[in-house]
Amino acid sequence: MFINVERRAQKLFNTYQQATSEENMAMVLANPLFSWHATYYTAKRKKNIIFLNDATTMAIVLFDVNAKNKQTIKERFEKQLAIIWQELGLSAESLTDYLATGGDWQIGKTVHPLQIKTITNFYQDVIKPQAKTVVNEVDLAQSLVKKVQQKGRIYVGEGETVKIIEMAQPFNIKHVNLEELYLKEITNKLRRLSQLDGEKLTADGVDNAIQQIQDANNQLLDLFLADAKRNSSTRTIRRYRDNLQFYLNEWVAYRLSTIFNLDIQTSVDELEFHGVGKTERTNIKASLKKLAKYLKNQDILSDNEYDDIIVYTQKDPVDLDEDNDQVIGDFLASLFSESEKLPAVFGPQTDKMLDEYLKSFIALYGLISAQQAYQIIHSQNPTIDKERFEQYIQNKFDEMTMEYCIIDFKEEFKNVDIAPEIFIFSPLLIKDENRLPSFYKHQQGLLYYIPEKEILVDNNFNPFTNISNYQQELEELLANQYGLSGDDLKGAAFLSLYQLKMSDYGLELASVNDAINKVVTFLNEEHGLSVKPDKANEPLIKILALTATNIRRPWNRGWSNYELLRTKNIAKLVSEMEINLEAPKLSSEIISGIQVGKINRDELLDFLENSNLPPKVISKLYKQVEEI
C-alpha cells in the first residue's frame with residue numbers, strides 16, 4: 001500500500017518502510033486505488049491524521065496520533081477501513097483481498113498536490129465547523145466519504161467510489177517502467193500549463209509560462225522521437241523534430257497553449273495567415289498526427305482527445321514514413337507556389353500584430369468598422385499609416401475565418417440597416433437577418449472599452465474571455481451541490497457562462513434575470529437538474545448574477561454591465577459640455593476619446609446633426625470633429 005505523506009507529518013510514519021525512489025513514484029501513479037495521501041491537523045494540541053484515497057472518496061481519520069502510539073497507525077487504519085468498506089456495501093472478502101494485494105505500507109512523499117488541497121479544504125469546510133459536535137473519528141470519516149472530490153480531471157462521488165472498487169476486482173498491482181513515469185510527468189505538467197489564465201499573469205509570468213511549456217515540449221519530443229526511431233528514417237526523424245518544435249514552441253506556446261488544448265486559434269491552418277506555405281503546413285499536420293498517435297498508444301490521450309487533435313490535421317497528410325517522402329514533398333511544393341501567400345504589407349511581425357488586434361476587437365466588440373479599428377491601432381502605434389492599413393484590410397477582404405470576417409455590408413447585406421463601410425465582424429453574429437442590425441443599433445452611441453496594447457496584441461480577449469474567471473467556482477458548486485462530474489460538469493459550467501456572455505440582454509435587472517432563467521432552464525433540461533429560484537439554490541443564482549453583471553460582453557463594446565452603468569455614452573458627454581454659443585468647443589474628454597478610438601467619430605457627428613443645438617453651433621462642432 002502506498003502512503004504519500006506530507007512533509008510535516010512524515011515523522012509520524014518513520015516506523016514504517018520508506019520508499020522515495022522514482023520506481024515507487026511510478027507505482028503510485030499507476031495504482032491510485034492502492035495509493036493514499038496523508039497529513040494531519042491539530043485540534044486541542046493533538047495531531048489528527050487524515051488519509052485520502054487517490055482514486056475514490058474513501059477517507060480515514062485517526063484522532064490523537066503521537067510518538068507513543070504511531071506504531072499502531074496501520075492497525076487503526078485497517079480497522080476503520082473495514083467499517084467504511086462495510087458502509088459502502090462492499091464484502092469483507094473483497095477487503096481482505098484489497099489489503100493483501102496492497103501489501104506492506106510504502107511511505108513516500110506527496111505526489112498529487114490536489115489531494116493535500118482537498119484535505120485542507122475538508123478541514124476548513126467540514127471538520128472545523130463540526131469540531132464541537134463530532135467526537136467520533138469514524139463518523140467524521142464517513143461524512144468525508146460522502147463528499148464529491150476532484151481526482152485529476154474528473155469528479156468522483158460516493159456512488160462512483162463503489163463502482164471503481166467493484167470494477168477493479170480481482171485486485172492487482174500494476175507495474176510500469178521509468179520511461180512511462182517520465183512521460184506521464186511531462187504530459188501532466190503540460191496539462192497543468194494548458195490551464196493557465198494569461199489574463200492573471202504579469203508580463204514576467206507569461207514569459208516564464210512560455211519557457212516552461214517549451215521546456216516540457218522538448219522533453220516530450222525527446223521521448224517521441226526516440227520511439228519513432230524504431231520505424232523511421234533519420235531524415236523523417238529530423239523532419240518530425242523540426243516541424244513539431246516550430247509548431248509547438250514557436251506558435252502554440254506563445255498562446256499559452258499545449259497539445260492538450262489546441263483550438264481554432266492555435267490550429268496549423270492559422271499559420272497560413274502568418275506566411276507559412278501549404279507544403280510546410282501539410283508536413284506539420286503529418287508530424288502532429290504522428291505525435292498524437294504516439295500519445296494515444298501510451299494511454300496519455302483518450303479517444304476523444306485524440307479525435308479532437310486529428311480535427312486540426314484535416315485532410316490525410318503526407319506519409320512521412322514512405323521511402324519517397326522527399327519526392328512527395330517536392331511534388332507538393334510544385335503544386336502550391338509561394339505566390340498564393342498573402343503579401344506582407346508592413347512586414348511579418350507587424351502584420352501578425354494587426355491580426356491579433358482584429359481578433360481581440362471582434363472578441364471585445366463583435367463588430368467594428370475598419371476605420372474605427374485603424375483609429376484604435378494608430379493611437380497605440382503611430383507609425384501605422386492609414387494607406388497601408390487599408391491595403392492590409394483589402395488583402396484580407398472577403399476572408400471568413402472562425403475569428404472574424406471582413407466585408408462591405410452594403411454589398412453583402414442589402415437589407416441590413418448599417419453604415420456603408422468596410423466592417424470586421426464575428427461570424428457568430430450571422431445567426432439570422434435580425435441579429436446583426438439589432439446588435440449594431442444596440443451599440444450605437446456607446447464608447448469602446450480599450451485595454452492597453454500589451455493586452456490587445458496578446459489576444460487575451462478571445463471569445464471566451466472572462467468566462468474562466470468564474471468557471472472554476474461554478475464547477476465546484478455544480479459538483480458539490482448538484483453532483484455533476486466529468487465532461488458533463490465541464491460542459492454545463494462552460495455553456496452556462498457562454499450563454500451569459502453572448503445572449504442579447506440589456507441593462508435592466510429584468511433582462512439579467514431573463515438571461516439567468518435561460519441558463520437555469522438549460523441546466524434543468526440538458527443536465528437533468530431541478531433548479532428552482534429558492535433558498536437552496538441561492539448560491540448558484542448568485543454566481544450567475546455576478547457573472548451576468550461583471551463579464552465583458554460584445555453587446556456592450558467590451559464593457560461589463562456593471563461598468564456600462566458607470567460609463568458615459570456620447571449623449572452624456574455632449575450634454576456635459578459647457579457650450580459657448582459664439583465660440584463652441586469640444587470638451588477635452590471628447591477630443592481625447594476620438595483620438596484614442598473610444599468614441600466613434602461618425603456616431604458623434606450623427607448625434608450632433610440630430611441634436612437640438614443651434615445650427616451654427618452644430619456646424620462649428622462638426623468641423624472640429626472632422627479635423628481631429
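Bear in mind the structure is a predicted one, so any value in this text is a computation, not a measurement. Values reported hereafter were calculated over all heavy atoms of this structure, with side chains retained and with hydrogens, waters and symmetry mates removed.
- Looking at D263 and S257, their side chains never bring a donor and an acceptor atom within 3.5 Å of each other.
- Looking at E185 and K189, no side-chain N of the basic residue comes within less than 4.0 Å of a carboxylate O on the acidic one, giving no salt bridge.
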Residue pair I300, R191: steps toward the side chain to side chain contact (heavy atoms under 4.5 Å, CB included) verdict: CA-CA 11 Å; I300 300 298; R191 286 189 188 278; 4.3 Å; yes
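- Defined by atom type and a distance below 3.5 Å, a donor-acceptor pair is present between the side-chain atoms of Q211 and D215.
- For the pair N31 (side chain) and F34 (backbone), a donor-acceptor distance under 3.5 Å is absent.
- Minimum interatomic distance between I259 and L288 (heavy atoms only, all atoms of both residues): CD1-CD1, 4.0 Å.
- Side-chain contact between N524 and K532 is absent, with no heavy atoms from C-beta onward closer than 4.5 Å.
- A distance of 5.0 Å separates CG of N217 from CG of L248, quoted to the nearest 0.5 Å.
- Side chain of T57 to main chain of T161: no donor-acceptor pair is present (N/O by atom type, distance under 3.5 Å, no hydrogens or angles).
- Side-chain atoms of N4 come within 3.5 Å of backbone N or O of W36 as a donor-acceptor pair.
- Side-chain atoms of E158 and L88, non-hydrogen and from C-beta on, do get closer than 4.5 Å to each other.
- Closest heavy-atom contact between D488 and L484: OD2-CD2, 3.4 Å.
- Nearest approach of L190 to A216, heavy atoms of both residues: CD2-CB, 3.5 Å.
- The heavy-atom pair separating A141 from A59 by the smallest distance is CB-O, 3.5 Å.
- Between the E166 side chain and the L90 main chain, no donor and acceptor come within less than 3.5 Å of each other.
- A salt bridge is absent between R255 and E270; no separation between the charged side-chain nitrogens and carboxylate oxygens falls under 4.0 Å.
- Side chain of R8 to backbone of Y40: a donor-acceptor contact under 3.5 angstrom is found.
- Contact check for K147 versus N480: no side-chain heavy atoms found under the 4.5 Å cut-off.
- Between F260 and S194, the closest heavy-atom pair is CB-OG, 4.5 Å.
- Residues K163 and E160 are not paired through a salt bridge, judged by the lack of any N-O separation under 4.0 Å between the basic side chain and the carboxylate.
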Please assess L256 against I210 for the test side chain to side chain contact (heavy atoms under 4.5 Å, CB included), listing each intermediate value before the final yes or no. CA-CA 6 Å; L256 294 184; I210 292 171; 3.8 Å; yes
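- A donor-acceptor pair is defined here as one N or O able to donate and one able to accept, closer than 3.5 Å; no such pair exists between the side chain of N69 and the backbone of V65.
- The structure places CG of L144 at 11.0 Å from CG of D139, a figure rounded to the nearest 0.5 Å.
- The main-chain N or O of E75 is never found under 3.5 Å from a side-chain atom of T72 such that the two would form a donor-acceptor pair.
- For the residue pair N537/D534, the side-chain donor-acceptor check at 3.5 Å is satisfied.
- We find the NZ-CG distance between K490 and L495 to be 13.0 Å, quoted to the nearest 0.5 Å.
- In this structure the side chain of N297 never reaches within 4.5 angstrom of the side chain of D227, judged on heavy atoms.
- Counted within 6.0 Å of NZ on K70, heavy atoms from surrounding residues, nucleotides or ligands total more than 12; the atom is thus considered enclosed.
- Contact annotation: the side chain of I541 never approaches that of P533 to less than 4.5 Å [non-hydrogen atoms, C-beta and beyond].
- When the shell of 6.0 Å around CD of Q86 is examined, it contains 12 or fewer heavy atoms from other residues, nucleotides or ligands.
- Partner F77 forms a ring pair (Phe, Tyr, Trp, His ring centres under 6.0 Å) with one of W85, F51, Y16 and no other, that one being F51.
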Does K44 form a salt bridge (charged side-chain N to carboxylate O under 4.0 Å, His left out) with D64? I'd like the steps, not just the answer. CA-CA 10 Å; K44 298 180 180 179; D64 190 17; over 6 Å; no
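- Judged by distance alone, with hydrogens and angles left aside, the side-chain atoms of Q80 form a donor-acceptor pair with the main-chain N or O of V61 at under 3.5 Å.
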Where do L223 and Q298 land on the side chain to side chain contact (heavy atoms under 4.5 Å, CB included) test, with the steps shown first? CA-CA 11 Å; L223 292 176; Q298 298 295 323; over 6 Å; no
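- Between V145 and T56, every side-chain heavy-atom pair lies at or beyond the 4.5 Å cut-off.
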Determine whether Y98 and L81 satisfy the following criterion, side chain to side chain contact (heavy atoms under 4.5 Å, CB included), listing intermediate values before the conclusion. CA-CA 11 Å; Y98 174 78; L81 179 59; 4.0 Å; yes
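- Remark: I186 CD1 to D222 CG distance equals 8.0 Å, nearest 0.5 Å.
- Residues L474 and S496 share a closest heavy-atom pair of CD2-CB, 4.2 Å.
- Counting non-hydrogen atoms of neighbouring residues, nucleotides and ligands closer than 6.0 angstrom, the CZ atom of R7 reaches no more than 12 such neighbours.
- Between the side chain of N53 and the main chain of L33, a donor-acceptor pair closer than 3.5 Å is present.
- The OG1 atom of T120 sits 6.5 Å away from the CD atom of E6 when rounded to the nearest 0.5 Å.
- Under the ring pair (Phe, Tyr, Trp, His ring centres under 6.0 Å) rule, Y41 has a single partner from F63, F122, Y123, which is Y123.
- Between L95 and E78 the shortest side-chain heavy-atom distance does not fall below 4.5 Å.
- Between D303 and K296, the closest side-chain pair of non-hydrogen atoms falls below 4.5 Å.
- Taking CG of N261 as the reference point, atom CD1 of I309 lies at 10.0 Å (rounded to 0.5 Å).
- Between the side chain of Q10 and the backbone N or O of K109 there is no donor-acceptor pair closer than 3.5 Å.
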